[in-house]
Amino acid sequence: MRPGFYARDVCTVARELIGCVVRHGDCSGVIVETEAYHESEPACHAFAGLTARTQTLFGPPGRAYVYRSYGIHALLNAVAEPEGVGAAALIRALEPLDGLELMRERRGISAIDQLCSGPGRLTQALGIGLEHNGSDLETGPVEILPRRTGAPPPQLARSRRIGITKAIDHEWRYSLADSRFVSRPRPLEARS
DNA sequence: CATGGGATTGACT
DNA sequence: GTCAATCCCATGC
């Protein structure tokens, strides 16, 4: 990504990540769904302040924040906003691009639209784990690559975040309109 | 030191 | 539709 991409408002970052590519080793996919989390609202882990768990969130932008959810799944976020501000964009779904067979092996299923359609599913498919917490998304091993310049901007949809119990009214979930790879049915309102 | 709650998923009724 | 799995870590005693 270009310099400074992540050091901005986390909602802008989450929105502009749609269409970018996540790659780990031989596996990659196009981001079709993200959510923004910010220290100012209680749904964000950083709301509790600087703790052992949230160090990465408050650290430099452009790093991976990976944490374990429900004791089972690893969830991948891109740290945003300037260093010292706790915020990140959760990567919720990908459209599989490369390494389909390895993804199928890791996931134990073959249906392409279920390989990466969920935050826990995509980390399993790409082999991303807690060991990647704090790693640099610019240099890898987990990378986020910009979408091609000149390509038409993706048609976006916006809606409320999923699976949380606090600050549920923020419309901070962004997704690619009409994509069959998002984790839940397409939100109602679409805007560019 | 003990406890409780998840930014989820898959299996099952 | 319901529900359990499973573990990190924040919180409270």
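Source: prediction; values computed, not measured. In what follows, every heavy atom counts, from backbone to side chain, and hydrogens, waters and symmetry copies are set aside. Letters A, B, ... mirror the listed sequences (proteins, then strands); counts begin at 1.
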Show me, pair by pair, the donor-acceptor contacts under 3.5 angstrom made by side chains of residues 80-94 of chain A, not counting sequence neighbours?
| from | atom 1 | to | atom 2 | distance (Å) |
| --- | --- | --- | --- | --- |
| A:E81 | OE2 | A:V10 | N | 2.8 |
| A:R92 | NE | A:E33 | OE2 | 2.9 |
| A:R92 | NH2 | A:S183 | OG | 3.1 |

Which pairs would a plain distance check flag for residues 52-64 of chain A, meaning a side-chain donor or acceptor within less than 3.5 Å of a matching protein atom at least two apart in sequence or in another chain?
| from | atom 1 | to | atom 2 | distance (Å) |
| --- | --- | --- | --- | --- |
| A:T54 | OG1 | A:G49 | O | 2.8 |
| A:T54 | OG1 | A:T51 | N | 2.8 |
| A:T54 | OG1 | A:T51 | O | 3.4 |
| A:T54 | OG1 | A:T51 | OG1 | 3.3 |
| A:T56 | OG1 | A:N133 | OD1 | 3.2 |
| A:T56 | OG1 | A:N133 | ND2 | 3.2 |
| A:R63 | NH1 | A:G134 | O | 3.4 |

Excluding sequence neighbours, so at least two apart, what forms salt bridge (charged side-chain N to carboxylate O under 4.0 Å, His left out) with A:E41? A:R161
Just checking A:D26: does its CG atom have more than 12 heavy atoms from other residues, nucleotides or ligands closer to it than 6.0 angstrom? no
Using heavy atoms to find the nearest nucleotide of DNA chain B for A:G118 and A:T165 separately, return the residue whose nucleotide is more 5′. A:T165
The ring pair (Phe, Tyr, Trp, His ring centres under 6.0 Å) partners of A:H38 (sequence neighbours excluded) come to none
Shortest non-hydrogen contact between A:C20 and A:I144, atoms and distance: CB-CG2, 4.1 Å
How does DNA chain C read in dot-bracket, base by base from 5' to 3', with Watson-Crick or G-U pairs under 3.5 Å and | used when the partner is on another strand? |||||.||||||.
Same hydrophobic cluster for A:V142 and A:Y65, using side-chain heavy-atom links shorter than 4.5 Å among ILVMFWY? no
Donor-acceptor pairs are to be reported for all side-chain atoms of residues 102-110 of chain A against protein atoms at under 3.5 Å, with residues two or more places apart or in another chain.
| from | atom 1 | to | atom 2 | distance (Å) |
| --- | --- | --- | --- | --- |
| A:R104 | NE | A:S110 | O | 2.8 |
| A:R104 | NH1 | A:E101 | OE2 | 2.7 |
| A:R104 | NH2 | A:S110 | O | 3.3 |
| A:R106 | NH1 | A:A125 | O | 3.0 |
| A:R106 | NH1 | A:L126 | O | 3.3 |
| A:R107 | NE | A:L115 | O | 3.0 |
| A:R107 | NH1 | A:Q124 | OE1 | 2.8 |
| A:R107 | NH2 | A:Q114 | O | 2.9 |

I need the minimum non-hydrogen distance between A:A78 and A:L137, along with the two atoms involved. CB-CD1, 3.7 Å
So, for A:M1 and A:L145, which heavy atoms are closest and what is the spacing to 0.1 Å? SD-C, 3.8 Å
Same cluster (ILVMFWY, side-chain, under 4.5 Å), A:I18 and A:L97: no
Neighbours of DNA chain B within residues 102-111 of chain A, by heavy-atom distance under 4.0 Å: A:R107
Per-nt protein contacts along nucleotides 4-13 of chain C (heavy atom under 4.0 Å; B base, S backbone sugar-phosphate only, - none) come out as -BBB-SSS--
Contact list for DNA chain B against residues 84-101 of chain A - heavy-atom distance below 4.0 Å: A:L90, A:R92
Under the ring pair (Phe, Tyr, Trp, His ring centres under 6.0 Å) test, residues paired with A:F5 that sit two or more places apart: none
Leading and trailing nucleotides of DNA chain B with any atom under 4.0 Å from heavy atoms of chain A: B:dG6 to B:dG10
Please identify each residue that fulfils salt bridge (charged side-chain N to carboxylate O under 4.0 Å, His left out) with A:R68, with sequence neighbours left out. none
Minimum-distance pair of heavy atoms, taken over all atoms of A:T34 and A:I31: CG2-CG2, 3.5 Å
Pair A:Y37 + A:H45: ring centers closer than 6.0 Å: no
